[in-house]
Protein chains: 2
Amino acid sequence: MASDKTIGRLSRYRRILYSLQASGKANVYSHELARLARGTAAQVRRDLMVLGCTGSPTHGYDVDCLIESVAQVLDAPEGQRVALVGIGNLGRAVLAYFVGRRPKLSIVAAFDKDPQKVERVTHGCPCLPMDSLGKTIREKCIEVGIITVPAGAAQEVADTLCEAGVMGLLNFAPVRLWVPSTVYVEDIDVTMSLEKVAFFARQVKAGA
Amino acid sequence: MASDKTIGRLSRYRRILYSLQASGKANVYSHELARLARGTAAQVRRDLMVLGCTGSPTHGYDVDCLIESVAQVLDAPEGQRVALVGIGNLGRAVLAYFVGRRPKLSIVAAFDKDPQKVERVTHGCPCLPMDSLGKTIREKCIEVGIITVPAGAAQEVADTLCEAGVMGLLNFAPVRLWVPSTVYVEDIDVTMSLEKVAFFARQVKAGA
DNA sequence: TAATTCTTGTGAAATCCTTCACAGCGTTAC
DNA sequence: GTAACGCTGTGAAGGATTTCACAAGAATTA
């Protein structure tokens, strides 16, 4: 129904809408949202079409109503639980950012194979040993996994997660994961992104 | 010339090619690369068209030659220097991953406003105080910046970097940066990615 | 009241990206 | 020798996404 890209942008719009709301703005025009989100007004209107919420030609869109409508699309009413595997610097950064932030999408457990890190609570999230991974996923009905382990361990972790019933993976490891076709995987490939930036930084310089 | 997406995939192919090379494989067919990179054989061949390097119908592509050709496109012959700003967990994770990894794309300085973190060397990279940011960028001819500071500080950092002549930014802060149109920005938006994963994890479950 | 000026919502066009399909060609099999 | 095979390179088709462009409509102004 809604494309990958549209869903991504809705998430971005939502962040902007929250900050508009916080600053007391009640209405917003598509071109304002577009400027804040680096897009075109037409793009914004297209994206907002997938929400039921409709705007008025005179005041634009109602901010509260938009936030509501985006939530209706992006959030599960009953909430979704997330597990993070790999408590290195990256894992901690993600934990620090997410724990307690979204009520409908909460990281409820973190895992590491290093016993030193286990049995603690990092950023308000219990850290558990790796061998309890599958069991905990099942017990806590966790639907989404975040993989922040080194490349070599990623596939094994992914296997365990999928087998335990996780339906979506956010993968930071620089490997392509092999998972059942029913599982949605999103890769965050920092090397690739950096190489892209370096390439285009050079192109711009060359005048192209 | 070559699109954004193609450049990204070339970077991914390169990683795969390195591992093929390490495992002693001398030649590779487009369909093999495609399987490893989660793409189609046609896609791979299209992408490889932008390289000069040509394959043979009988042995496919020469791995060494491909690596060479990809480097010719992605790497600057004289190398490119990168600065990282914001030595939190995320910054350290990126440093740990990159320092000493790519000869042609090296993080040569890291910055933080916390004096505790400054004057040390993290992962082999000198940490400098924030107020020397502009000066150091210019002195070391740094072309690319990585922003791993909190959202509130990102724009100011971006301004300083751009003013000092950086032409590309890799931005981890969850804000859209306002930069001159000659500067290429790539955002890594973890919240957006996680929300996307959660959404599609749910869709799959619903049977769509 | 009527004209003007904003906007939204959305078909239609345009653009970008991916996939198809096949000619061309070494190599192998017989 | 020649037929059959499997791959590359690429024009052309197909699909997806973005942008254009304009009808419709509410406030504002004269």
**Study point:** Among C/dT8, D/dT10, C/dG24, the nucleotide that comes nearest once only the side chain of A/Pro57 is considered
**Key:** C/dT8

Exercise for review: Could you state the atom-to-atom distance from CG of A/Leu48 to P of C/dT10 in whole Å?
Suggested key: 12 Å

Exercise for review: Please state whether the base of C/dT19 and the side chain of B/Arg46 form at least one donor-acceptor pair under 3.5 Å?
Suggested key: yes

Review point. Is A/Thr6 touching bases, backbone alone, or none of the nucleic acid, heavy atoms closer than 4.0 Å?
Key: nothing

Check your understanding: Can you check the A/Gln43 CD to D/dA16 P distance for me, whole Å?
Key -> 17 Å

Review point. Roughly how many Å is it from CG in B/Asn27 to P in C/dT27, rounded to a whole number?
Key: 12 Å

Exercise for review: Would you tell me if any nitrogen or oxygen in the side chain of B/Arg45 comes within less than 4.0 Å of OP1 or OP2 on C/dA21?
Suggested key: no

**Study point:** Nucleotide D/dC7, atom P - distance to NE2 of B/His59 in whole Å
**Key:** 12 Å

Practice item. May I have the step-by-step check of side chain to side chain donor-acceptor pair (under 3.5 Å) for B/Glu186 and B/Asn171, ending in yes or no? Key: CA-CA 6 Å; B/Glu186 171 103 1; B/Asn171 174 41; over 6 Å; no

Exercise for review: By nearest nucleotide on DNA chain D, pick out whichever of A/Lys5 and A/Thr58 is the more 5' one.
Suggested key: A/Lys5

Check your understanding: Starting at CG of A/Leu51 and ending at C1' of C/dT10, how long is that distance when rounded to a whole Å?
Key -> 15 Å

Practice item. Could you say whether B/Tyr29 or A/Ser3 is positioned toward the 5' end of DNA chain D, judged by the nucleotide with the nearest heavy atom to each? Key: B/Tyr29

Review point. Can you find a heavy atom in the side chain of B/Cys53 that is under 4.5 Å from one in the side chain of B/Glu68?
Key: no

Review point. To the nearest angstrom, how far is B/Leu66 atom CG from D/dT8 atom P?
Key: 10 Å

Check your understanding: Do the non-hydrogen side-chain atoms of A/Leu51 and A/Leu48 ever get within less than 4.5 Å of each other?
Key -> yes

Check your understanding: Counting just side-chain N and O atoms, does A/Ser56 come under 4.0 Å of either OP1 or OP2 of D/dA26?
Key -> no

Check your understanding: B/Asp4 CG to C/dC17 P: how many Å, rounded?
Key -> 8 Å

Practice item. Would you mind reading off the distance between A/Ile7 atom CD1 and D/dT17 atom C1', rounded to a whole angstrom? Key: 15 Å

Check your understanding: Looking at A/Tyr13, does the NZ or CZ of A/Arg9 lie under 6.0 angstrom from its six-membered ring centre and within 45 degrees of the ring axis?
Key -> no

Check your understanding: Can you check whether B/Ser30 has a side-chain N or O nearer than 4.0 Å to OP1 or OP2 of D/dT8?
Key -> yes

**Study point:** Donor-acceptor pair, side chain of A/Arg35 and main chain of A/Ala41, under 3.5 angstrom
**Key:** no

Practice item. Answer yes or no: does a side-chain N or O of A/His31 lie under 4.0 Å from OP1 or OP2 of C/dT7? Key: yes

